[in-house]
Amino acid sequence: MVSMKQDIHPLLRVLNEQQRAAVTTPTGPVLVLAGPGSGKTRVLTHRIAWMLSEMHVSPWQVLAVTFTNKAAREMNHRLGTMLGDTSARAMMLGTFHATCARILRREGETLGLSPNYLIFDTDDQLTVMKQVVADLGLDDKKYRPHNLLNAISSAKNELILPADYPVRTYHDEIVARAYVRYQQTLRKNDGLDFDDLLMETARMLQTNPTVVRQYRDRFQHILVDEFQDTNIAQYVILKQLAAEHHSLYVVADEDQSIYSWRGADYRNIVRLREDFPELLEFLLEENYRSTQVILDGAQAIIAQNSDRTPKHLFTEKKGGQPISLNEAYDEQEEADFVADETTRLLRNGHKHGDIAVMYRTNAQSRALEESFIRHNIPYRLIGATRFYSRKEIKDVLGYVRLAHNPDDDVSFARVINVPPRGIGARTISAVAAAAQRAGGSLYAGMLALIQAGGQGGRTERALSAFAAMVAQWVVLRQELSVAGLIDRVVADTDYETFIRDGSDQGESRWENVLALRAVVAEAPDISLTDFLTDVALVADVDELSEEVDAVTLLTLHSAKGLEYPVVFLTGLEEGLLPHSRSIESAVEVAEERRLLYVGMTRAERRLYLTYAFRRSWRGFRDSEPSAPSRFLEDLPDAVLKQPRDRGRQATKTSWTPSWRAAPKRAEAPVRVELQYRTGQRVAHAFYGEGMVLGSELEGRQEMVTVLFGNGIGVKKLLSSMAPMEPLPQH
DNA sequence: ACTTAACGGGAATAA
DNA sequence: CCCGTTAAGT
C-alpha cells in the first residue's frame with residue numbers, strides 16, 4: 001500500500017518499506033539481515049529514534065554497540081541532531097571493548113579487579129608473555145610468545161579460564177601453564193588485555209546476580225551492529241543482558257563476516273534464533289551505494305560461497321561504469337597504474353577524498369606510497385604502524401603510565417633506561433632480584449635496593465634520580481592535567497634531546513610526540529585513567545576524518561563499513577588474496593572471498609581490480625612470479641571493461657610463494673633447453689618488441705631478461721608464463 | 001654502560 | 001625487508 005507522504009511519520013519518510021518495517025517493529029528480539037549499502041546504520045539510528053520518540057523508551061535504557069568508535073561517534077551525532085543532544089548523551093554507545101572497559105571500571109572490583117586497571121595492548125602483551133616464557137624456562141623457539149598469545153586469545157574469546165584450559169597434548173599443557181602465569185602477571189601489573197575486557201565482563205554477568213540485575217535493568221534495549229563479527233564472549237554478554245527484556249536488536253550480514261580469526265563466529269546468528277525463538281527477522285536488500293555493475297560483480301563473487309543465505313540485492317543505479325581489471329608487471333607498475341589513474345580521475349573532477357586503495361596486507365602499502373609520493377598525490381595511510389604503537393609514543397605513555405601506577409612493571413622496564421641514564425642490564429637484574437625477594441613490583445624492588453645501598457656511586461645516583469622522578473610524577477598526576485603531566489615527563493626526561501638526534505626520523509618522531517600532545521590538548525579535562533583507556537582502544541579507522549582531502553590507503557579489514565566513489569582493490573593474486581596462510585583451508589578461503597566481497601561493495605561508482613604479474617616478497621632480491629587470484633575467474637565478462645586474458649588464469653593447483661615453499665630437495669639435474677638467447681629479438685603481448693639481454697635457468701624455469709622499447713625498460717620474465725615469443729632473426 | 005654492525009629468522013588481518 | 005639478538009668496539 002502506498003501511503004500519502006504526509007501520513008507518514010517524519011522519522012520514517014526517508015526509509016523504504018523494508019527499512020520502515022524493521023524500524024517500527026515492536027520491541028523484542030530482532031535480526032536485521034542487511035546487505036552492503038542497504039542503509040543499516042540508518043535503520044539502527046532510526047530505530048533508536050523511533051523507540052525514544054514513539055515507544056516511551058528512555059535513552060538511559062539504551063545500549064548500542066557499534067564496530068568502531070568512529071561509527072559510534074557518527075551515530076551519536078546523528079541522534080543528537082534528530083533528538084537533541086541530551087538524549088543522545090544519556091545512551092551508552094560504543095564498541096564492545098569500550099563498553100566493557102567502562103562497565104569493568106565501575107564493577108570490576110566484584111571480580112577483584114582494581115578500578116584503575118590499565119588496558120595492555122599487543123606490545124604490552126608480548127612483553128608480558130616473553131617474561132612468562134622466560135619465567136617458565138620454556139624454549140622461545142618452540143613456544144613462541146606470539147603463538148602462545150594467540151592460543152590464549154582464542155581461549156578467552158570462548159570464555160575458557162586458565163584453570164579450565166583443555167589439555168590433550170603436551171603442547172596444550174605448556175599453553176595451559178603459560179596461560180595461568182600470563183594471567184597472573186597481567187593482574188599483578190593491574191592490566192587487562194583486549195580479550196579480558198570481554199571475558200571478564202561476560203564472566204561477571206554470568207556469576208554475579210547483583211551486577212547482572214543492575215545492568216539488565218539499565219540496558220533494557222540493546223542494539224548491535226555487525227553482529228556477524230561477534231565472538232562467543234560478546235554473544236554471552238548480549239544474551240545475559242537481554243535475558244529479561246528480550247529487546248535485542250541486531251544487524252548482520254553473514255557475507256561480510258571477516259573476523260573469524262579474532263574469534264568471531266557467525267553461528268551466533270544460529271544461536272540467536274535458538275535462544276530467542278520469538279526472533280523476528282527482516283531483510284534489507286536494496287542497495288543505495290553501488291551501481292548495478294559493481295553489485296553484479298560482487299554478487300558473482302560471493303555467490304560461489306556455500307553455506308550462505310542467497311540474497312537478491314538490487315539497486316536503482318542501473319548500469320554504471322564497467323569494472324576495470326588490470327594486470328601490471330610488478331607491484332611498482334601496479335602502484336603507478338593506480339597513481340596514473342588517480343591523476344586522471346582528479347582531472348575529471350574527482351576529489352582525492354573520493355578515492356580509496358585497498359589491499360590485503362599492510363606491507364603492500366609501501367609501493368603505493370612511493371608511487372603517490374612520486375606523483376605528488378596526497379594520501380593518508382590507515383593502519384600499518386598504529387600511531388599509538390610508535391616507539392616514541394609508547395615511551396612517553398610509559399612515563400605517564402608509571403605516574404598512574406608505578407607498580408606497572410611493563411612500563412617500568414620499558415622506560416627505566418630510556419633515554420639512557422646509566423641503568424644497564426646488570427642493575428636491572430639487581431632490581432628484578434630485589435623485587436623478587438620482596439615479592440613486589442620492580443619499582444618496589446628499586447626502592448628496596450636504594451635503601452639497602454652499596455650499589456656503587458654511579459649506579460646508586462642514577463637509580464635514586466630515577467626513583468625521585470617517578471615519585472614526583474605520582475604526586476604531580478593529582479594536580480596536573482594530562483597535558484601538563486606529559487609536558488612534565490617530557491621535560492624531566494629530556495626526551496626531546498634524546499629523540500631529536502638530527503636525523504629526519506628523529507624530527508618525525510618528535511613531531512609525533514607533539515601530535516600526541518595536541519591530541520591531549522583537545523580533551524583538557526580528561527582523567528588520566530580515561531585517557532589511558534581511550535588511547536588503548538582507538539582504532540586507526542577511528543581517526544579517519546572527512547575533512548582531509550587525500551586518497552585513503554587501507555587494508556580490506558579496515559575498509560569494512562566505509563564507502564568511496566572510487567575503489568582500487570590491489571594485489572588480487574594467489575597467495576595474497578586468498579592469502580597463502582589461508583589457502584589450504586576451504587573455510588578460510590571462503591573468508592578471503594568475503595573479504596574481496598567487502599572490498600568490492602565499498603565502491604559507489606568506479607571499481608578497479610588489479611594484480612601483478614610478479615611481486616617482491618620482502619627480503620628476496622628478485623620478485624617472484626604470481627598468478628591472478630582464483631576469485632577473478634568468477635567475474636562474468638559482462639561486468640568487465642575488457643574481456644580477460646584467458647591465458648593468465650589462476651591455475652587450480654595450489655600455488656605457494658617461494659618463502660613458504662618446502663626446502664628444495666637435491667634433484668637430478670634436469671636439462672632444459674633454453675628458448676631464448678642473448679641478442680634475440682622478441683615480441684611481448686603488452687610490452688611490444690624487445691631484445692633479450694640474457695637468459696638463465698632459475699630452478700627449472702627459464703628466466704629471460706629483456707630490454708623493451710617505448711620507455712618500458714628491462715623486465716625479467718618467465719619464458720613459460722610470459723605472453724612472449726621469439727621473432728625470426730634477420 | 002652504551003653504541004654499532006653483523007647476523008639470523010620470520011613474514012596476515014586488529015580492538 | 002624488518003625485527004630482535006649478539007658480538008665487538010667506544
Side-chain angles (χ1 to χ4, degrees), chain A residues 65-72 94-101 119-127 130 140-141 144-147 149-150 153 156-157 192-198 226 229-231 233-234 257-264 358-367 382-386 388-389 391 417-428 456 458-459 462 498 501 533-542 554-560 571 575-583 588 591-592 594-596 598-599 616-621 623 657-660:
Chain A
V65 186
T66 56
F67 198 70
T68 63
N69 294 299
K70 181 169 174 261
T95 64
F96 264 107
H97 288 90
T99 306
C100 291
I119 297 166
F120 277 32
D121 68 14
T122 314
D123 259 23
D124 306 325
Q125 284 178 272
L126 205 58
T127 309
K130 281 180 184 164
D140 65 357
K141 293 284 183 305
R144 297 188 178 287
H146 196 259
N147 295 344
L149 284 171
N150 275 340
S153 172
K156 288 183 175 180
N157 288 330
L192 297 189
D193 65 21
F194 293 121
D195 302 312
D196 281 336
L197 295 174
L198 307 175
E226 307 281 7
D229 277 325
T230 52
N231 60 32
Q234 290 165 331
S257 165
I258 54 173
Y259 279 97
S260 70
W261 52 274
R262 226 169 70 183
M358 302 175 189
Y359 36 78
R360 176 68 232 266
T361 67
N362 282 310
Q364 288 168 255
S365 69
R366 181 172 290 268
I382 310 299
T385 312
R386 272 186 81 231
Y388 288 104
S389 335
K391 273 187 190 61
N417 200 31
V418 176
R421 49 175 74 92
I423 305 176
R426 269 186 116 79
T427 315
I428 292 172
R458 260 182 69 84
T459 307
F498 167 62
D501 56 1
T533 303
D534 287 354
V535 157
L537 294 177
V538 209
D540 280 294
V541 272
D542 294 335
L554 74 179
T555 63
L556 289 163
H557 282 90
S558 313
K560 184 159 96 155
L576 226 37
L577 190 75
H579 196 272
S580 54
R581 310 265 293 223
S582 309
I583 237 154
E588 288 178 42
E591 181 151 319
E592 299 285 306
R594 290 195 291 272
L595 208 40
L596 174 58
V598 166
S616 313
W617 289 95
R618 297 171 195 266
F620 291 85
R621 293 161 103 247
S623 54
S658 68
W659 52 274
R660 293 268 305 164

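Source: prediction; values computed, not measured. In what follows, chains carry the letters A, B, and so on, assigned in the order in which the sequence lines appear, proteins first and then strands, with residues in each chain numbered from 1.
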*NA contact type, Thr68(A), heavy-atom cut-off 4.0 Å: base, sugar-phosphate, or nothing?*
nothing
*asked:* Under 4.0 Å, heavy atoms only, any strand: does Arg366(A) hit a base, just the sugar-phosphate, or nothing?
replied: sugar-phosphate
*Pick base, sugar-phosphate or nothing for Ile258(A), based on heavy-atom distances below 4.0 Å to the nucleic acid.*
nothing
*Give the rounded distance in Å between these two atoms: CG of Asn147(A) and P of dA12(B).*
12 Å
*With sequence neighbours excluded, tell me which residues meet ring pair (Phe, Tyr, Trp, His ring centres under 6.0 Å) with Phe498(A).*
Tyr495(A)
*Just wondering, do Tyr259(A) and dT13(B) stack (centres under 5.5 Å, planes under 30°)?*
no
_Counting only side-chain nitrogens and oxygens, does Ser558(A) get under 4.0 Å of the OP1 or OP2 atom of dT13(B)?_
no
_His557(A): partners by ring pair (Phe, Tyr, Trp, His ring centres under 6.0 Å), with sequence neighbours left out_ = Tyr259(A), Trp261(A)
*Distance check: side-chain N/O of Arg421(A) vs OP1/OP2 of dA1(B), anything under 4.0 Å?*
no
*Looking only at side-chain N and O atoms, does Thr122(A) come under 4.0 Å of OP1 or OP2 in dA14(B)?*
no
*Within the structure, does a side-chain N or O atom of Asn231(A) lie under 4.0 Å from either OP1 or OP2 of dA15(B)?*
no
*Would His557(A) pass as stacked on dA14(B), i.e. its ring centre under 5.5 Å from the base's six-membered ring centre and planes under 30° apart?*
no
*With distance as the sole criterion, do the side chain of Arg262(A) and the base of dA14(B) form a donor-acceptor contact below 3.5 Å?*
no
*asked:* Quick check on dC2(B): is either OP1 or OP2 less than 4.0 Å from any side-chain nitrogen or oxygen of Asn417(A)?
replied: yes
_When you measure from the side chain of Arg360(A) to the backbone of Leu577(A), do you find a donor-acceptor pair of N or O atoms at a distance under 3.5 Å?_
no
*Short side-chain to backbone donor-acceptor contact, Asp542(A) and Asn69(A), under 3.5 Å*: yes
*asked:* Measure CZ/Arg360(A) against P/dA12(B) and give the value in whole Å, please.
replied: 10 Å
*Interatomic distance where NE2 belongs to His579(A) and C1' belongs to dA14(B) [whole Å]*: 14 Å
